[in-house]
Every structure is written in C-alpha cells, then in structure tokens.
Amino acid sequence: MNIFLIGVIVSIIVYLVVGLYAGRQVKDVNDYYVSGRNAPTLLISGTLFASMLSVNGFMGDQGWCYTGNITSLVFLNALCACGYVFGPLVFGRYLRRSECTTMPEYFGARYKDLKIRRVAAVITIVSLTAYLLACITGVGILMQELTGFSYEACLLLAWGCFTAFTFYSGSKGVVLTDTIMFLVFLFAAILSGPVIFGAQGGISELLANLMNNPAAPEGLLDFHGNIAGTGAQDVFGAMMYAITMGIIWFITVAVSPWQAGRNLMAKSEHVTFRSGVIAAICTVIFLMYLNLQSVAVLNLNGALEDPQRVLIWASFEVLPKLLGTLLLAGIMAAGLSSASTFLSVIGFSVTSDIIKKDFKDEAAQLRFSRIVMLVVGVLALILAYMGLGGIRVISWFASTIIAASWVVPGVGSVLSKKLSAAGARYSMIAGFAGFMVTKCLSGFGIQPFASIFVNFLDPFFIGLYLSLIFAVIGSKLQPVGKEEAEYRKELLVLPESEKSAAEYKRDRMYGYLLIAVGIATTCFLLFGWALPYNGIL
C-alpha cells in the first residue's frame with residue numbers, strides 16, 4: 001500500500017466520521033432537508049463551490065484545457081461566476097423566504113400547482129442522476145489509479161463512500177463535509193501550483209514555453225482556443241460554443257436545485273449574497289489557477305493518452321509525495337462532495353415531491369427518506385457500470401437540462417406578474433423536451449438536425465425558445481390566479497429580520513471585493529497573457 005492510497009483512505013475516513021457526527025445532530029426533517037436553515041456564509045459558499053466544481057472540474061475540464069481550450073474555459077467560467085451574483089439577488093433570497101424544503105416544492109407553492117412540483121421533481125432527478133453518474137465515474141477512475149483494483153470494484157468503493165454519510169446525515173452532513181472538502185482541495189491546489197510551474201521553468205516562463213512548445217495544441221493561447229475542441233468549424237462557432245456554455249452555467253448556478261437550493265439552508269438573505277460573491281471569486285480565480293497548472297503540464301508531458309488524468313499524472317510524477325497525496329485527496333474530495341450533494345437532492349425530491357405518503361411522525365419520514373436515498377444511489381451505481389460517456393460530456397449535458405427548462409419559470413416566479421401556473425408548467429416541460437429531443441437528434445447525426453443545430457440554434461437555445469413561447473401560451477390560456485398573485489406579493493416583502501443597516505454595510509464590502517477582484521483579473525489577463533502573446537509587450 002503506497003502513501004498516495006493511505007492519504008486518500010485517511011481523508012475518506014475523516015469525511016465519514018464528520019458525516020456520522022453530523023447525522024447524530026439531525027433531530028427532525030428540517031435538519032435533514034435544509035440543515036436547520038442556519039448555515040453561515042462559510043458553509044454555504046463552501047458547499048456551493050464544492051458541489052459545482054466536482055470531479056469534472058479537476059478532471060474533465062482540465063483535460064479540455066490540456067487539449068487546447070483553456071481560453072474557452074476561462075471565458076466560460078467568467079460568465080458562470082456572474083450567475084452566483086445574479087442568482088441570490090433575483091431568485092435565491094425569495095426562494096429562502098418561501099421556507100420550502102426543496103426547489104420543486106417552491107414551484108408548487110409559488111404557482112399553487114401540484115403538477116409543476118412533480119414536473120420539476122422529475123427534471124431534478126433526471127439532471128442530477130446524470131451529474132451523480134459523472135461523479136461516480138471520476139472518483140472510480142481515481143481509485144483505480146491508486147489501488148490497482150478493477151474499475152468495477154472502484155466504482156463500488158466510490159459509491160459506498162459518499163452514500164454512507166449522505167443517507168444518514170442528509171443536508172446537515174453534506175454542507176459540513178462539502179466545506180471541509182472545499183478547504184482540502186483549495187489548499188491542495190494552491191500548494192501544488194508553484195511546484196508544477198517551477199518544474200517547467202517558473203510561472204514567468206510559462207507563456208513563452210507554451211508558445212515555443214511544438215506539442216502545444218493548435219489555438220491553445222488564442223482567444224478562441226482550439227476550434228476542434230469545441231466541435232466547431234470556425235472561430236465564430238468556437239466562440240459561440242463558449243458563450244452558449246457560459247450562459248448555460250450562468251443559469252445553472254443561479255436557479256438549479258443543487259446551487260440555488262443552497263439558499264434554503266442559509267442563515268439570512270445576506271448570507272446568500274455573500275456566499276455567492278465568494279463562490280464567484282473562486283470560480284474565476286481558483287479555476288484559472290487550476291487551468292494554468294494543467295496547461296503547464298504540456299511543457300512536461302505533451303502526450304498523455306487520457307487528458308482528463310492530467311492532474312493525476314502531475315500528482316504522481318511532478319509533485320513531492322506528500323503534496324501529491326494532498327492533491328489526490330483534493331480531487332477525491334471534489335468528487336465525493338458533489339456526489340453527496342446530488343444524491344441528497346435527488347433523495348429529497350423523490351421523497352417530498354414525487355411520492356405522496358402520510359407518515360405517522362417525522363422519525364418515520366426520516367427513515368423513509370434514507371431508504372429512498374439508498375435506492376437512488378444503487379440505481380446511479382448501476383448506470384455507472386454501463387459506462388455512458390465521458391465526465392465532462394455528462395456533466396455539461398446535465399447542466400443544460402436544468403438551464404433550458406428552469407430559467408423561465410424560476411426567474412419568472414419573482415419578476416413576472418403575468419406568468420401563471422399553466423404557463424410555468426408548459427414552459428418547464430417545453431424547455432426540457434425541446435432540449436432533449438434536439439440534443440438526441442443532433443447527437444445521433446440525424447440530418448438536418450446534426451448540421452443546423454449550431455450557434456443560436458444549439459439544442460439549449462431551442463429548449464429556451466420553446467420554454468419562452470409556451471410560457472406565454474400557457475399564461476394566455478390560463479391567466480394568473482388570485483392565490484398565485486398574492487403569494488408572489490408576499491415573497492416580495494422584505495422581512496423585518498433582514499433590515500439591519502450593519503448587515504447591508506457588510507454586503508457592500510463584499511461587493512467592493514468582487515469589483516477589485518474583477519479589475520485585478522482583467523489586468524492579469526491583459527498584461528500577463530494577451531499583450532505579450534500578441535507581441536505588444
């Protein structure tokens with residue numbers, strides 16, 4: 001047994017202990033579903049970023065950078081980060097005011113419609129099962145590298161790890177373990193950067209080395225990235241791909257059940273905004289730092305057979321053993337944290353929004369919720385054994401489902417006086433079906449869909465257009481009812497507990513920090529990359 005395996009096993013044991021401890025603190029359904037609604041800024045920001053990054057952020061996305069698309073990803077992440085600010089301001093804080101336990105429950109309460117609650121639950125389950133599948137796959141690959149066991153055995157181990165503490169402790173354990181995992185991979189990646197950069201000549205030589213590296217992928221440092229890596233035929237198509245995916249992730253972090261749903265656990269509305277700022281900064285700064293490490297490996301080994309293992313290779317071959325162990329534990333943490341989040345949200349939706357069952361007491365409901373979560377985990381494990389696709393492909397497919405179907409009824413639930421229950425329900429179904437059908441047709445190469453569904457006719461946009469159209473149609477056919485209108489008015493009323501001037505003063509400081517980070521990032525990209533690369537500096 002090597003030091004890498006020992007380190008990861010120790011970290012997993014720590015997560016299990018923390019999860020079991022948190023489970024002992026669960027006293028009722030409120031604790032299990034929304035962590036008692038008292039989570040502070042650190043815990044909310046930790047669970048937001050940990051569940052968003054996942055194993056895809058350390059493997060799938062880094063492989064994409066390694067093969068030439070770091071500029072595409074930097075641009076995409078900048079758009080994604082905006083969703084962390086937009087989401088709490090226009091949706092998340094109102095979601096918290098509803099005092100619901102799940103996102104589908106919110107839709108049902110806001111539109112006074114049980115049907116939309118169940119539609120939202122089905123979409124949640126489909127989308128997050130795909131995410132869960134990507135997480136299990138990624139952690140399984142890492143365990144295979146460390147143990148030498150078969151891939152199938154590693155999938156079972158990965159599944160057992162996150163299922164053990166998630167089904168017992170619920171959201172209380174997920175939020176706590178997510179934050180610990182967030183700190184682990186943050187610390188690991190920060191320490192690994194100088195070593196990886198130093199191995200290829202230092203951070204100051206990174207740009208020059210990549211420019212002179214014959215193994216560097218075509219377009220690696222250009223603003224559009226590697227055109228082939230985006231599936232496009234020209235620069236416009238490559239940029240449109242990055243913009244499309246950026247919009248998708250913007251919407252996803254703003255309204256998805258595993259991101260916006262974290263607002264239900266926040267201690268106050270101020271916490272939702274502050275957590276969003278921290279998550280936005282991490283999305284831009286930390287991920288760019290991680291992306292640069294991946295492309296730095298091109299100067300050390302430009303011929304990896306499996307690009308998505310680029311940081312795993314660096315852990316084994318470049319970093320000192322102790323630091324390599326820490327980075328591998330960080331990658332493992334990213335996968336486990338996201339898997340626990342997705343499993344918990346799926347389990348909550350199945351129990352609360354799909355199955356309507358009368359329980360004699362909350363203890364019985366807790367037992368039933370845990371059984372459901374275990375069953376869902378087993379189904380995800382079976383799907384993982386089927387090997388349905390790459391980590392990045394599955395993750396981005398899952399995010400698009402939510403973005404295409406939820407943005408109109410989600411944001412419209414706050415901003416629109418005219419969007420009715422029928423309009424919201426039709427909108428959600430149309431967005432989901434429109435994306436799924438066109439994505440399948442274009443994916444199977446069926447003409448003319450394989451050729452015309454590009455750029456502004458991407459399957460995501462088709463789903464979004466249909467979602468908007470059917471929102472209008474449904475609202476015309478069945479206008480907003482009195483109960484819906486009154487509920488929306490109640491949501492717009494600022495609670496007395498949120499009116500503290502001191503709290504708003506702290507919020508402004510977070511806003512100023514966000515502006516400062518944006519200016520600093522722009523200067524870095526301009527003077528450290530764009531101008532030197534184009535021979536201006």
**Item:** Beyond-backbone contact of M428 with P409, side-chain heavy atoms, under 4.5 angstrom
**Value:** yes
**Request:** In plain terms, say whether R97 and E269 are close enough for a salt bridge, that is, a side-chain N and a carboxylate O under 4.0 Å apart.
**Result:** yes
**Complete:** CD (Q62) and CD (Q293) are apart, to the nearest 0.5 Å, by 8.0 Å
**Request:** Please report the closest heavy-atom contact between T438 and G434, naming both atoms and the distance.
**Result:** OG1-O, 2.7 Å
**Message:** Taking OH in Y289 as the centre, count heavy atoms belonging to other residues, nucleotides or ligands within less than 6.0 Å. Is the count above 12?
**Reply:** yes
**Request:** Quick one: closest heavy-atom pair of Y111 and A424, and the distance?
**Result:** CZ-CB, 3.4 Å
**Message:** Strictly distance-based, threshold 3.5 Å: is any side-chain N or O of T47 a donor or acceptor partner for the main-chain N or O of I44?
**Reply:** no
**Item:** Centroid-centroid under 6.0 Å between F273 and Y510 rings
**Value:** no
**Asked** How about S467 and S427: does a side-chain donor come under 3.5 Å of a side-chain acceptor?
**Response** yes
**Request:** Drop me the distance from L79's CG to F250's CZ, to the nearest 0.5 angstrom.
**Result:** 8.5 Å
**Prompt:** Hey, does E503 have a side-chain heavy atom less than 4.5 Å from the side chain of E498?
**Reply:** no
**Request:** Classify the angle between the aromatic ring planes of Y106 and F91 as parallel (below 30°), tilted (30 to 60°) or perpendicular (above 60°).
**Result:** perpendicular
**Asked** How long is the gap from OG on S256 to CZ on R262, to the nearest 0.5 Å?
**Response** 9.5 Å
**Asked** Using 30° and 60° as the class limits, which term best fits the ring planes of F185 and F286: parallel, tilted or perpendicular?
**Response** tilted
**Request:** Take N77 and T283, measure what side chain to side chain donor-acceptor pair (under 3.5 Å) needs, and give me the verdict at the end.
**Result:** CA-CA 6 Å; N77 286 335; T283 300; over 6 Å; no
**Message:** Using every non-hydrogen atom in the two residues, find where L419 and E484 come nearest and quote the distance to one decimal.
**Reply:** O-OE1, 4.2 Å
**F432 CZ: over 12 foreign heavy atoms closer than 6.0 Å** = yes
**Prompt:** Do V74 and F223 have side-chain heavy atoms sitting under 4.5 Å apart?
**Reply:** no
**Item:** Short N-O contact, E496 and K499, less than 4.0 angstrom
**Value:** yes
**Prompt:** Under 3.5 Å, side chain of S45 to main-chain N/O of L42, donor-acceptor pair present?
**Reply:** yes
**Request:** Dump the intermediate steps for side-chain contact (heavy atoms from CB on, under 4.5 Å) on C80 and V253, then the final yes or no.
**Result:** CA-CA 7 Å; C80 171; V253 301; 3.8 Å; yes
**Prompt:** Is the backbone N or O of G46 less than 3.5 Å from a side-chain atom of T179, with the two atoms forming a donor-acceptor pair by type?
**Reply:** no
**Asked** Is the closest side-chain heavy-atom distance between K505 and R508 below 4.5 Å?
**Response** yes
**Item:** Working for salt bridge (Lys or Arg N to Asp or Glu O under 4.0 Å), residues R274 and D507
**Value:** CA-CA 7 Å; R274 295 168 194 165; D507 292 343; 2.7 Å; yes
**Asked** With side chains defined as the heavy atoms from C-beta onward, is the minimum distance between F75 and N69 less than 4.5 Å?
**Response** no
**Request:** Could you tell me whether a side-chain N or O of S127 sits under 3.5 Å from a main-chain N or O of I123, the two making a donor and an acceptor?
**Result:** no
**Message:** Using ring centroids (six-membered ring only for Trp), state whether F107 and W406 fall under 6.0 Å.
**Reply:** yes
**Message:** Working to the nearest 0.5 angstrom, can you tell me the gap between T252 OG1 and I402 CD1?
**Reply:** 7.5 Å
**Prompt:** Would a 4.5 Å heavy-atom cut-off, applied to side chains only, mark M245 and T230 as touching?
**Reply:** no
**Request:** Quick one: pull up CG in L492 and NZ in K417 and give me the separation to the nearest 0.5 Å.
**Result:** 10.5 Å
**Distance-only side-chain donor-acceptor flag, D458 / T244, under 3.5 Å** = no
**Request:** For L513 and I281, run side-chain contact (heavy atoms from CB on, under 4.5 Å): C-alpha distance rounded to whole Å, both residues' side-chain angles, the deciding distance at 0.1 Å, then the answer.
**Result:** CA-CA 9 Å; L513 174 63; I281 291 173; 3.9 Å; yes
**Prompt:** So does K112 pair up with E486, basic N to acidic O under 4.0 Å?
**Reply:** no
**Message:** Would the distance check show the side chain of R117 and the main-chain N or O of P104 forming a donor-acceptor pair, the cut-off being under 3.5 Å?
**Reply:** no
**Complete:** Tightest non-hydrogen contact, residues Q259 and L48, listed as NE2-O, 3.0 Å
**Request:** Could you check if a side-chain atom of M103 sits within less than 4.5 angstrom of a side-chain atom of T124, using non-hydrogen atoms only?
**Result:** no
**Message:** Taking the side chain as everything from C-beta on, heavy atoms only, tell me whether S275 gets closer than 4.5 Å to Y84.
**Reply:** no
**Fill in**
What one should report as the nearest heavy-atom pair of A421 and D113 is CB-CB, 3.9 Å
**Request:** Go through the steps to decide whether Y94 and R488 satisfy the test side-chain contact (heavy atoms from CB on, under 4.5 Å), and finish with yes or no.
**Result:** CA-CA 9 Å; Y94 304 101; R488 177 179 173 273; over 6 Å; no
**Request:** Report the C-alpha separation of R506 and H270 in whole Å, then their side-chain angles, then the decisive distance to 0.1 Å, and conclude whether the side-chain contact (heavy atoms from CB on, under 4.5 Å) test is met.
**Result:** CA-CA 9 Å; R506 288 184 62 191; H270 302 283; over 6 Å; no
**Request:** Could you tell me which non-hydrogen atom of F86 sits nearest to which non-hydrogen atom of A254, and how far apart they are?
**Result:** CD2-CB, 4.1 Å
**Asked** Measuring from Q478:CD to I473:CD1, what's the distance to the nearest 0.5 Å?
**Response** 13.0 Å
**Request:** Keeping the roles fixed (side chain from S413, backbone from G410), state whether a donor-acceptor pair exists under 3.5 Å.
**Result:** yes
